[in-house]
Amino acid sequence: MTLVSAFLVHGSPLPQLCPDVPNWQRFRQAMQQAGAALRASRPDVVLLYSTQWFAVLDEIWLTRRRSEDIHVDENWHEFGEMAYDLYSDVSLANACIEACRAKGVNARGADYQGFPIDTGTIVASTALSVGSEALPLVVASNNLYDNAEATEKLAAIAVACAAEQGKRVAVVGVGGLSGSLFTKPIEAQDDRIVHAEEDAWNRKVLALIEAGDVDALREVLPAYAAEARVDMGFKHFHWLLGALGGRFQGATVHHYGALYGSGAAVVEFNP
Amino acid sequence: MANGEIISGFLAPHPPHILYAENPPQNEPRSQGGWEQLRWAYERARASVEALKPDVLLVHSPHWITSVGHHFIGVEHLAGRSVDPIFPNLFRFDYSIKFDVELAEACCEEGRKAGLQTKMMRNPRFRVDYGTITALHMIRPQWDIPVVSISANNTPYYLSMEEGQVEMDLLGKATREAIAKSGKRAVLLASNTLSHWHFHQEPEPPEDMTQEHPQSQLGYQWDMRMIELMRRGEMNEVFRLLPQFIDEAFAEVKSGAFTWMHAAMQYPQLAAELHGYGTVIGTGNAVMEWNLLKAGLARAAAEAA
């Protein structure tokens, strides 16, 4: 079996940058739980897609063997910085690029000192404790012009490439749920989903994910994306669906809550 | 009573391609040139800045996106390598920038007094975005004038275009007030492209100019219409059409820099000088100037007379 585990996680730096905030602490604990489950599934590599890594021309894949730096978030700079030291499976990333091209998807690698790894990739990798030399990443960018179908195709390509290389993969989709957030400063302990309607939408979709009801999900996702202003149209979920072959048995929501008013969750799928 | 003033404002687009084509020593990738018409446009703009002798450059970039408030860099000096996440093959630039923190703080405070959410960025490890760097390098490659760097709050995208433009209008007025109290001569840079429809595949090499042309005829027509209005000084009409222009040409001015700059200049009905126009991967880019000193709209002109 190539795909051994799959996870949907948030990409906000707040839980890591503000570890003392009780309601955000629960995200850190959930990430630790998900990370433990991921590593227990004994993957050789983690296929990761973050909504915060934008591409507009080709599909870009991280092809730098080791990326290490100090990251300062452009919005939350006052809370400090995040150090990272991430390894990539360059062989598999290059195979993904070649496979994309063979299927008519323009693709190229990014192997540059100082390349700005996005906040979501750093948050997910560090919180899940993946991206080490022993458990490297293959990171795909979010081409802003790709739709749900194109994103599913991308993930399927990556899993197929891993299968050709005989590798077991964990798949991670990094992004948020409802997208409305507080545009004025709040006290962290008062954080909540900005709009009750968006909270209801998040809960409805998470319930369908827990039930593994893909048909119902596909029916409601366009409305969910539009009405709850979902992060990048929920393409990170479609990344997971593509990797899972369009089906999964169910899922466990380790935590759901608000991150500065937007919806966020840590979800473990049962492939 | 301090008598600082805005002496000129530039529309200063930031495609990293034009900086790449210049082959400055700070940028690692090497090019064979390209996009000369835009680069020559910036040469003319540089000559104007040289003559203006500003004390400070203020730049508003759409590639420093903030969701909670308008942010200002509040560190005296930042240095490091900025790599464009979209075009890392073209832009890997070692920057060293001196910031005018005093004026940035004043802008931040005036914005707060105007009812905006504002914040100073104090983290010394902050990485400056490529939009800010490209506009600054192209307008003043000597890097010898202090800078005020302003983020693009995403209200035009998050709320509505109209609400976003109102925010940028307030930000511009607050910027003007801060400059007036500073006693400094300021030049404003609105780091924006016009029509923003672009190609989805890069030629090899990227500077192959046989591949460069407007991606969209509609976008090109919109650019020419707006530029002609600006050249005639019909700025009220420009701002009346702005929402339609943004919608139909996918114009990057939506991010607010253009409105911020003109609000700061009190929306002068002044004919702009077109230093040049060119496309970059199909997007429309104009280097344009509203020179308030030359037009007699800055006090320095009266004082000199």
Side-chain angles (χ1 to χ4, degrees), chain A residues 12 14 17 50 52-60 62-64 67 69-83 101 104-119 121 141-146 179-186 194 229 259-262, chain B residues 28-29 61 63-71 73-75 78 80-95 115-130 151-155 157-159 163 167 196 198-204 206 281-283:
Chain A
S12 168
L14 290 172
L17 293 175
S50 166
Q52 294 181 56
W53 180 10
F54 300 161
V56 299
L57 288 184
D58 305 320
E59 174 59 33
I60 306 181
L62 186 62
T63 50
R64 191 164 186 81
S67 304
D69 209 337
I70 304 285
H71 176 74
V72 177
D73 186 77
E74 62 183 356
N75 200 68
W76 304 113
H77 42 76
E78 76 265 38
F79 296 132
E81 51 266 337
M82 293 183 293
R101 289 172 178 164
V105 178
N106 297 323
R108 59 177 155 159
D111 177 11
Y112 305 104
Q113 182 258 325
F115 184 82
I117 308 290
D118 70 280
T119 298
T121 296
S141 61
N142 163 23
N143 188 306
L144 296 177
Y145 297 95
D146 277 356
S180 294
L181 46 73
F182 291 107
T183 55
K184 295 182 178 173
I186 61 164
V194 173
R229 307 176 70 150
L259 287 169
Y260 230 80
S262 64
Chain B
E28 185 185 349
S61 166
H63 295 288
W64 175 17
I65 303 168
T66 52
S67 54
V68 185
H70 305 264
H71 298 203
I73 289 184
V75 180
L78 288 176
R81 170 163 286 207
S82 180
V83 178
D84 180 350
I86 310 287
F87 298 103
N89 53 325
L90 307 181
F91 187 93
R92 305 193 294 279
F93 190 91
D94 293 323
Y95 62 89
L116 297 172
Q117 291 297 323
T118 58
K119 186 181 288 184
M120 295 301 294
M121 198 302 298
R122 305 283 192 190
N123 194 315
R125 286 175 154 155
F126 185 77
R127 187 171 292 175
V128 182
D129 71 283
Y130 76 91
S151 77
N153 178 266
N154 72 344
T155 42
Y157 302 90
Y158 180 72
L159 298 174
E163 289 169 292
E167 285 253 337
H196 209 244
H198 58 77
F199 300 117
H200 293 274
Q201 196 163 5
E202 189 172 61
E204 179 54 45
I281 59 163
T283 63

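Here is how names work: the chains are called A, B, and so on, in the same order as the sequence lines, proteins then strands, and each is numbered from 1.
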Asks: Check whether Ser141(A) gets within reach of chain B through its side chain, its backbone, both or neither, counting any heavy atom under 4.5 Å.
Replies: neither
Asks: Among Gly69(B), Ser82(B), Pro88(B), which residue forms the greatest number of heavy-atom pairs with chain A at distances under 4.5 Å?
Replies: Pro88(B)
Asks: His200(B), Arg81(B), Met121(B): which one forms the most heavy-atom pairs within less than 4.5 Å of chain A?
Replies: His200(B)
Asks: Please determine, among Glu28(B), Glu202(B), Arg122(B), the option with the most heavy-atom pairs under 4.5 Å with chain A.
Replies: Glu202(B)
Asks: What residues form a side-chain hydrogen bond (donor to acceptor under 3.5 Å, both in side chains) with Thr283(B), not counting sequence neighbours?
Replies: Asn285(B)
Asks: Quick check: do Asp69(A) and Arg127(B) have side-chain heavy atoms less than 4.5 Å from each other?
Replies: yes
Asks: Compare every heavy atom of Ile281(B) with every heavy atom of Leu57(A), then report the nearest pair and how far apart it is.
Replies: CD2-CD1, 4.2 Å
Asks: Quick check: closest heavy atoms across Glu81(A) and Asn123(B), and the distance to 0.1 Å?
Replies: OE1-ND2, 3.0 Å
Asks: For the CE atom of Met120(B) and the NE2 atom of His77(A), what is their distance to the nearest 0.5 Å?
Replies: 9.5 Å
Asks: Please round to the nearest 0.5 Å and tell me the distance separating atom CD1 of Ile70(A) and atom CZ of Phe126(B).
Replies: 15.5 Å
Asks: Any chance you could lay out the side chain to side chain contact (heavy atoms under 4.5 Å, CB included) test for Gln113(A) and Val83(B), step after step, and finish with the verdict?
Replies: CA-CA 8 Å; Gln113(A) 182 258 325; Val83(B) 178; over 6 Å; no
Asks: Excluding sequence neighbours, so at least two apart, what forms side-chain hydrogen bond (donor to acceptor under 3.5 Å, both in side chains) with Asp84(B)?
Replies: none
Asks: With a 4.5 Å cut-off on heavy-atom pairs, point out which of Pro116(A), Gly114(A), Ser180(A) contacts chain B the most.
Replies: Pro116(A)
Asks: Counting only heavy atoms from other residues, nucleotides and ligands, does the tally under 6.0 Å from CZ of Arg125(B) exceed 12?
Replies: no
Asks: To the nearest 0.5 Å, how far apart are CG in Asp58(A) and CD1 in Ile86(B)?
Replies: 11.0 Å
Asks: With only heavy atoms counted, which part of Arg92(B) is less than 4.5 Å from chain A, the side chain, the backbone, both or neither?
Replies: side chain
Asks: Indicate yes or no for a side-chain donor-acceptor contact from Glu74(A) to the backbone of Ile65(B) under 3.5 Å, with no hydrogens or angles considered.
Replies: yes
Asks: Just how far is it from atom CZ of Arg108(A) to atom CD of Gln201(B), taken to the nearest 0.5 Å?
Replies: 10.0 Å
Asks: Relative to chain A, which segment of Tyr158(B) carries a heavy atom at a distance below 4.5 Å: side chain, backbone, both, or neither?
Replies: both
Asks: Mind checking whether His198(B) and Tyr145(A) have ring centres under 6.0 Å apart?
Replies: yes
Asks: Might you point out which heavy atoms bring Ser67(B) and Leu181(A) nearest each other, and give the distance in Å?
Replies: CB-CD1, 4.1 Å
Asks: Can you tell which part of Ile60(A) gets under 4.5 Å to a heavy atom of chain B, answering side chain, backbone, both or neither?
Replies: side chain
